[in-house]
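Within every chain, numbering begins at 1; the chains are lettered A, B, ... in the order of the sequence lines, protein sequences first and strands thereafter.
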Amino acid sequence: MPASNSDIAKVFDEIADLLEILDENAFRIRAYRNAARLIEGLGVSAGQMLAKGEDLTELPGIGKDLAGKIREIVETGTCAAREELRKKLPATITTLLKIPGLGPKRVQTLYRRLDISTPEQLYAAVKDGKVRELPGFGEKTEAALLQALGRRAPADARFPLAVAAQYGEPLRAYLAKIPGVNDAVIAGSYRRSRETVGDLDLLVTAKDSATVMDRFCEYPHVADVKSKGDTRATVVLANGLQVDLRVVPRTSFGAALYYFTGSKNHNVAVRRIAQQRKLKINEYGVFRGKRRVAGETEQSVFKAVRLPFIAPELRENRGELEAAQAGTLPTLVALDDLRGDLNVSPRDLEAELETFVEAARQRTMRYLAITLPARHMKPAQLQQSLAAIDRANEARRGLVLLKAVAVDIAENGELDAGNIALDDFDIVTGAVNSAFDLPRAKQTRRVLRALEHPRFTLFAHPTGRLLNRREPCDLDVPRVIRAARERKCFLELNSQPERLDLPDVYCRVAREEGALIAINSGAQRAAELEHLRYGLGQARRGWLGAKNVVNTRTVADLRALLQATRL
DNA sequence: GCCGTTTTCGGCCCGACTGTTTTCAGTCG
């Protein structure tokens, strides 16, 4: 079983953690961390790249040494460097780094002085009053540790984007209404449309920061104020979501927005470019020596470092800076580009069809594919539904309703359509809805076989993941993407907030392979068409332009593409 | 550990807040 990209990233992160506790060169540590992030976001598996004989040192931040270690991990599942480090320090010690307030220095102190390498040992030592005696520790640190250890909540719980929006948008509106506040925006990974966010980064411009800080900490849903200074504060909401607020003067808005949107790796890379131009970037502006040359708007910051504007969704240091410098940044698909939705399934068709039609029209859509669930419908029911769609189409109000049917892909790759005539439908939407945990080879074979069906149109929610609930299937997604392209079928990017499936890294693979993506809401209620914005965010993170997305086409073009899927 | 129109050495992004300290290290983002 060859190591996956996330296995490789885990090894590199562990090496970085251990080196940090050993107080090794900080830049060496960063090289491991950067490599971990790079590998995670690669889309294609490093193992396959190696198998194809590709040169990993061409990846940014990967040199001879790291390329060798990647090969070693792919082949053996581990690498000698990690094993050596584990001889110097207990492997469990990295779990201590996850405890808030503990960094490498304090962890090292705990280990050297008290031989502590697990949270349990730490808890016992705190109870014995031993920890407060250590240099760099005191009563407050001890109390904070006790609280953190008692919480037992995993520190790496992330919030789906839609959940973060539910809490973040009202808070943003609350801040915007404070007298003296000019701008109030949510930056960070939220603005980059990451599928989940670890915390919310709010940015406010105001003359009087003290008032804003006070009102922020008084916000009704705040459960705990973790820190509060003149221009920066951190709180935790009752649901556990951490929110950071930063207040800057209006003239620094663009620089601060850019800075707090990140990602960290993107910022570091941009600063390096700025440095080459003898410029310094921080959250207050762009500086040449002491003189401020930009900062009021994000555009001014880009202009100062002679780069074109880079959309927030691209700012991950995954090649966007090279593309920007080469003038090859993609024009990303926008919400207005979407002319339809190829997968909506009203729960009660007769009752809700009109609501859907109206909601779609308001979004200036031209078509909706109404998806009927094959497995839960009796033939009579089905005919009734199809008739209802026909009637709605006859009424003709600038919106075309297409007929789609959802079929399960059986474990052997056959389409489980019961006795339904697939020819009655414009679109046949296949999905894996069972046996999610098949081994990679079997799961891949299953899907490839389904794609071979002469009526197959759309592969829905391809990885089957549910954020925080179900891991993606072990599927060779790049291979499925290639098969879909050859077969002229579409892959869905399902916009349901807990799915966001296809994930961004695979969108990018689809773009490179030339496969078409359908950004669908998967809505069961008309209001859920709103979810398209989350799917769109994921698509943009995957560098998709309008031409990569099938539902940006006109009805006529779509019909032609649908015809081409039929074998 | 990586990288190069400052190129094989010597750099590598930058600032706020807290707590433990009497001027700053550690952590965090």
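Rounded to whole Å, the separation between the C1' atoms of B:dT18 and B:dT23 comes to 15 Å. Between B:dA16 and B:dT20, the distance separating the two P atoms is 22 Å to the nearest Å. When the C1' atom is used for both B:dC12 and B:dC17, the distance is 25 Å, rounded to whole Å. The separation of B:dT21 from B:dT27, taken at their C1' atoms, amounts to 16 Å, rounded to a whole angstrom. Atom C1' of B:dC3 sits at a distance of 10 Å from the matching atom of B:dT8, rounded to the whole Å.
Partners of A:R194 by salt bridge (Lys or Arg N to Asp or Glu O under 4.0 Å), not counting sequence neighbours: none found.
Taking a cutoff of 4.0 Å between a charged side-chain nitrogen and a carboxylate oxygen, A:R232 and A:E283 do not qualify as a salt bridge. Residues A:D23 and A:K105 are paired through a salt bridge, judged by an N-O separation under 4.0 Å between the basic side chain and the carboxylate.
Separation of atoms OG1 (A:T463) and CZ (A:R470) is listed at 9.0 Å; rounding is to 0.5 Å.
Counting only residues at least two apart or on different chains, the side chain to side chain donor-acceptor pair (under 3.5 Å) pairs with a member in residues 24-36 of chain A are A:D13-A:R33, A:D17-A:R33, A:E20-A:R33, A:E24-A:R28, A:Y32-A:K69.
Contact check, A:T231 against B:dC17: a side-chain N or O comes under 4.0 Å of OP1 or OP2. In terms of phosphate contacts, A:K228 brings no side-chain nitrogen or oxygen within less than 4.0 Å of OP1 or OP2 of B:dA16. A sub-4.0 Å separation between OP1 or OP2 of B:dT20 and a side-chain N or O of A:T141 is present. OP1 or OP2 of B:dA16 lies within a sub-4.0 Å distance of a side-chain N or O belonging to A:Y284.
Computed from coordinates, the A:Q275 CD to B:dC12 C1' distance equals 8 Å when rounded to whole Å. Rounded to an integer number of Å, the gap from A:L38 CG to B:dC3 P is 10 Å. Whole-Å rounding puts the A:L66 CG to B:dC3 C1' distance at 13 Å. A:L19 has its CG atom 8 Å from the P atom of B:dG1, to the nearest Å. Across the protein-nucleic acid pair, A:K280 atom NZ and B:dC12 atom C1' stand 16 Å apart, rounded to whole Å. Across the protein-nucleic acid pair, A:N267 atom CG and B:dG15 atom C1' stand 13 Å apart, rounded to whole Å. If you measure from atom CZ of A:R272 to atom P of B:dC12, you get 10 Å, rounded to the nearest angstrom. If you take CD1 of A:I62 and P of B:dG1, they are 12 Å apart, rounded to a whole angstrom.
With 3.5 Å as the limit, one finds no donor-acceptor pair spanning the side chains of A:N5 and A:S45. A:D7 and A:S4 share a donor-acceptor pair across their side chains, judged by distance under 3.5 Å alone.
Shown for residues 20-29 of chain A: residues whose heavy atoms fall under 4.0 angstrom of DNA chain B, namely A:N25, A:F27, A:R28. Non-hydrogen atoms lying under 4.0 Å from DNA chain B are contributed by nothing in residues 302-315 of chain A.
Taking every side-chain heavy atom of A:K69 into account, B:dG1 is the closest of B:dC12, B:dG15, B:dG1.
Both A:P135 and A:V268 lie near DNA chain B, and the one whose nearest nucleotide falls closer to the 5' end is A:V268. Where A:G229 and A:E139 meet DNA chain B, the nucleotide closest to each residue was compared, and A:G229 sits on the side nearer the 5' end.
With a 3.5 Å limit on both pairing distances and Watson-Crick or G-U wobble geometry required, the stems of 3 or more pairs in DNA chain B span B:1-4 with B:9-12, B:14-19 with B:24-29.
Other residues, nucleotides and ligands place no more than 12 heavy atoms under 6.0 Å from the CZ atom of A:R113. Other residues, nucleotides and ligands contribute over 12 non-hydrogen atoms within 6.0 Å of the CD atom of A:E169. No more than 12 heavy-atom neighbours from other residues, nucleotides or ligands sit within 6.0 angstrom of CD on A:E139.
Cation-pi check for A:R106 over A:F137 is met; the charged atom lies under 6.0 angstrom from the ring centroid and within 45 degrees of its normal. Note that A:R541 lies outside the cation-pi zone of A:Y506, set by a 6.0 Å cut-off to the ring centre and a 45° limit from the axis.
Ring planes of A:F302 and A:Y258: tilted class, angle from 30 to 60°.
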Where along nucleotides 24-29 of chain B does protein come under 4.0 Å, by heavy atom, of base (B) or sugar-phosphate alone (S), with - for untouched nucleotides?
--SSSB
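At least one side-chain heavy atom of A:S495 sits less than 4.5 Å from a side-chain heavy atom of A:I519.
A:R246 comes within 4.0 angstrom of sugar-phosphate atoms only, judged by non-hydrogen atoms across all strands, and of no base.
No donor-acceptor pair closer than 3.5 Å links the side chain of A:R533 to the backbone N or O of A:L335.
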